Amino acid sequence: MEIRLNDSWASILRNEFKKDYFQSLLRFLALENEKFPTSIFPKEEDIFRALNACCFEEVKVVILGQDPYPTKGHAHGLCFSTEKSVMPLPKSLQNIFKELNTDIGSKTSSNGNLQHWADQGVLLLNTVLTVREGEADSHSNKGWEQFTDAIINVLNEHAENIVYVLWGAKAQKKAKSVNEDKNLVLKSPHPSPLSSYRGFFGSKPFSKTNDYLEKHHKKKIEW
């Protein structure tokens, strides 16, 4: 697999690619693509899209998901986001838009592409960056978690006043790496239909994020 990253992330993460765990991950992905050549999501060129869409220096908010949508045509490298053509929207994304509307009165988008969030400094990062069609968690515990830990660690070490939006138990495990004295960590249940009514609805992550950004003299996100 060819690793295509913008210069800001490539320079920061280059040592990760040399580590044993990442080389093992690459071997695993090569085997998966050999066995299931049309069933590994997202497409190879989109695996690192979250990083390429939001340079290191521009990160103001980190939204953490779990792993990509396992439905063909849905995942495109930004957590919770879909290509514009996807209809109906995944239920987790529908719930995110419902909370967005309740929280700040924003109109529900006509499509599920969240690229405009990334353009404003929102890192839309999954904990695991690939998945096999129809099998959620199929690429868990293969090395991706260690790689995304490294991303959180480097942000925590070199940046501050970032909002970390952690939805669900897997995303919340990343909080251990974040200095909460210098950043804001927002935790709630995952927006999936199974857990959204346990505290995701009413958590107001969008207004809380913008309040914090404005308090620290950063431009708020136009959600």
Side-chain angles (χ1 to χ4, degrees), residues 1-59 62-87 89-90 92-93 96 111-155 167-168 170-171 174:
M1 181 179 76
E2 183 180 355
I3 299 169
R4 305 169 186 170
L5 277 182
N6 61 49
D7 291 342
S8 69
W9 284 110
S11 61
I12 290 168
L13 296 171
R14 62 178 179 272
N15 289 332
E16 289 300 308
F17 303 131
K18 302 173 186 176
K19 293 181 179 179
D20 290 345
Y21 85 88
F22 200 88
Q23 292 301 310
S24 177
L25 171 60
L26 291 179
R27 290 191 291 272
F28 166 75
L29 291 173
L31 285 172
E32 284 286 279
N33 280 297
E34 185 178 326
K35 293 178 183 176
F36 311 101
T38 62
S39 302
I40 305 303
F41 308 144
K43 294 179 290 187
E44 183 175 317
E45 59 266 31
D46 286 334
I47 290 174
F48 298 101
R49 184 169 181 172
L51 299 174
N52 287 326
C54 186
C55 293
F56 174 80
E57 298 84 2
E58 298 172 355
V59 177
V62 179
I63 296 180
L64 272 174
Q66 296 183 169
D67 59 349
Y69 293 123
T71 303
K72 194 175 188 69
H74 282 197
H76 70 144
L78 305 178
C79 75
F80 297 108
S81 182
T82 67
E83 296 287 8
K84 292 181 179 180
S85 59
V86 172
M87 286 292 171
L89 298 180
S92 291
L93 185 55
I96 289 170
N111 67 76
N113 192 310
L114 304 180
Q115 177 68 42
H116 62 292
W117 292 6
D119 292 340
Q120 299 174 75
V122 181
L123 180 62
L124 294 163
L125 185 68
N126 277 310
T127 302
V128 172
L129 300 190
T130 56
V131 72
R132 191 186 309 141
E133 183 175 5
E135 298 183 48
D137 285 333
S138 51
H139 286 187
S140 296
N141 302 313
K142 302 298 183 182
W144 280 128
E145 293 91 345
Q146 191 170 340
F147 179 69
T148 49
D149 278 346
I151 294 170
I152 300 301
N153 288 338
V154 76
L155 283 168
W167 290 331
K170 290 185 178 181
K174 302 288 190 185

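None of the values given here were measured: they were computed from a predicted structure. Side chains are part of it too, since the values below use all heavy atoms of this structure and drop only hydrogens, waters and symmetry mates.
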Partners passing salt bridge (charged side-chain N to carboxylate O under 4.0 Å, His left out) against D119 (at least two apart in sequence or in another chain): none
So [Y] and [X], do their side chains get closer than 4.5 Å, heavy atoms only?
X: K170; Y: D137; value: yes
X: I151; Y: V62; value: no
X: L5; Y: N52; value: yes

Hey, could you give me the [atom1]/[atom2] distance between [X] and [Y], rounded to the nearest 0.5 Å?
X: L93; Y: T82; atom1: CG; atom2: OG1; answer: 6.0 Å
X: T127; Y: D149; atom1: OG1; atom2: CG; answer: 8.5 Å
X: D67; Y: F41; atom1: CG; atom2: CZ; answer: 12.0 Å
X: L31; Y: I40; atom1: CG; atom2: CD1; answer: 10.5 Å
X: S81; Y: H74; atom1: OG; atom2: NE2; answer: 11.5 Å
X: R4; Y: L51; atom1: CZ; atom2: CG; answer: 14.5 Å

E32 and R132 ion-paired at < 4.0 Å: yes
Other residues, nucleotides, ligands: >12 heavy atoms within 6.0 Å of K72 NZ: yes
Crowding at CD, E34 (>12 non-hydrogen neighbours, <6.0 Å): no
Heavy-atom closest contact ([X] atom, [Y] atom, distance):
X: N126; Y: Q66; result: OD1-N, 3.4 Å
X: E135; Y: V131; result: O-CG2, 3.3 Å
X: Y69; Y: A75; result: O-CB, 3.6 Å
X: I47; Y: L129; result: O-CD1, 3.8 Å
X: A50; Y: L78; result: CA-CD2, 3.6 Å
X: P68; Y: V128; result: CD-O, 3.2 Å

Stepwise side-chain contact (heavy atoms from CB on, under 4.5 Å) test for D20 and Q23: CA-CA 5 Å; D20 290 345; Q23 292 301 310; 5.6 Å; no
Single hit among I3, L26, L25 for side-chain contact (heavy atoms from CB on, under 4.5 Å) with F17: I3
Side chain to side chain donor-acceptor pair (under 3.5 Å) against T71, all qualifying residues, sequence neighbours excluded: none
side-chain contact (heavy atoms from CB on, under 4.5 Å) assessment of F80 paired with W167: CA-CA 11 Å; F80 297 108; W167 290 331; 3.6 Å; yes
Option from K84, R49, Q115 for which side chain to side chain donor-acceptor pair (under 3.5 Å) with H76 holds: R49
Plane angle bin for F22 and F147 - parallel if under 30°, tilted between 30 and 60°, otherwise perpendicular: tilted
Steps toward side-chain contact (heavy atoms from CB on, under 4.5 Å) verdict (W117, I63): CA-CA 10 Å; W117 292 6; I63 296 180; 4.0 Å; yes
Check: F56 main-chain N/O paired with S8 side-chain donor or acceptor under 3.5 Å: yes
side-chain contact (heavy atoms from CB on, under 4.5 Å) evaluation trace for L125 with C79: CA-CA 5 Å; L125 185 68; C79 75; 5.7 Å; no
